[in-house]
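Each remark here refers to the structure printed beneath this line.
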Amino acid sequence: MRLVFLGPPGSGKGTQAKRLGQSQGIPQLSTGDLLRSVARSGTGLGRKAQTYMDAGKLVPDNLVIELILERMTHDDCKHGFILDGFPRTQVQAEALDRALRTRHIPIDAVIDFEINPEVLLERLTGRRVCPNGHGEWHIKFHPSVVAGFCDVCHALLVQREDDQEDRIRIRMEMYRKDTEPLKQYYAQRQQLRTIQAEGDVAAITQQIEAALKGIARPS
Ligand code: AMP
């Protein structure tokens, strides 16, 4: 099963992609995670990506497309994947279509996370992440066991640079301008399935599973 999760920053795409990915036995492919790991490597490319991310801006299409298409060739993607945070622009969507068409493996569905924008700000400003990439927590909705420290490696949790309020507003604007039009792109292809992304995490997973009824599980 090959899926795209489409939604604004903070709509819970990552959380849901991990849950569904585990139950379906397919990986979550997050371009944000891939880019942060490239940035941590400290190479010239990594530093370039970091500048865009810290500013809340989109990383150039060619860099993101190359990264994700390479990741999709790994063995764990044989039975499918969930794209989380990709595509984010029309150029990316078209590149994805072209790459999948060449391999004769179309996207099965695009899950559109619909959410009230006011909820997003509270979710994002309260988010804290492990600097070593072990995951993320929320000061109110999902605190770590020892407040402020990673449950896995006990490092001090940090706030992502782009989770500052001014940067969040830039990211929302980027979403509205560049990514939201993709809803129409996928609706025209009869691939779009909209879910309501507020409330209980397990209930949202159930909505996604219901939206995917009829799509075969990977063998
Ligand atoms: P995320 O973790 O999905 O919130 O992404 C964090 C940041 O990584 C974004 O604000 C962008 O700067 C960058 N990014 C992630 N995915 C993409 C993408 N598909 N295209 C361009 N930039 C991206």
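Every number for a ligand or one of its atoms is a count from 1 in the order of the listing. Keep in mind the model is a prediction, meaning the values are calculated, not measured. Note that the numbering runs from 1 along the sequence shown for the chain. Values below: all heavy atoms of this structure, side chains included; hydrogens, waters and symmetry mates excluded.
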With hydrogens left out, which residues have an atom under 4.0 Å from ligand 1, given that only heavy atoms count?
->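 Around ligand 1, where the cutoff is 4.0 Å for heavy atoms, the contacting residues are Thr31, Gly32, Leu35, Arg36, Met53, Lys57, Leu58, Val59, Val64, Gly85, Phe86, Arg88, Gln92, Arg160, Asp162, Arg171.
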
Where the side chain of Arg193 meets the backbone of Leu212, is there a donor-acceptor pair that is under 3.5 Å apart?
->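 It does not hold such a pair.
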
When you measure from the side chain of Arg167 to the backbone N and O of Asp54, does any donor-acceptor pair fall under 3.5 Å?
->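 Yes; judged by distance alone, with no hydrogens or angles, the pair exists.
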
Check the side chains of Gln16 and Thr205 for a donor-acceptor pair under 3.5 angstrom, ignoring hydrogens and angles.
->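 Judged by distance alone, the side chains do pair up.
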
Look at Arg171 together with Asp163 and state whether they make a salt bridge at an N to O cut-off of under 4.0 Å.
->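 Looking at Asp163 together with Arg171, the answer is yes, because their closest N to O distance falls below 4.0 Å.
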
Indicate the ring-plane relationship of His142 and Trp137, choosing parallel, tilted or perpendicular according to the 30° and 60° boundaries.
->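 Ring orientation of His142 relative to Trp137: parallel.
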
Pick from Lys177, Arg169, Arg176: which one makes a side chain to side chain donor-acceptor pair (under 3.5 Å) with Glu173?
->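 Considering Lys177, Arg169, Arg176, a side chain to side chain donor-acceptor pair (under 3.5 Å) with Glu173 is found only for Arg176.
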
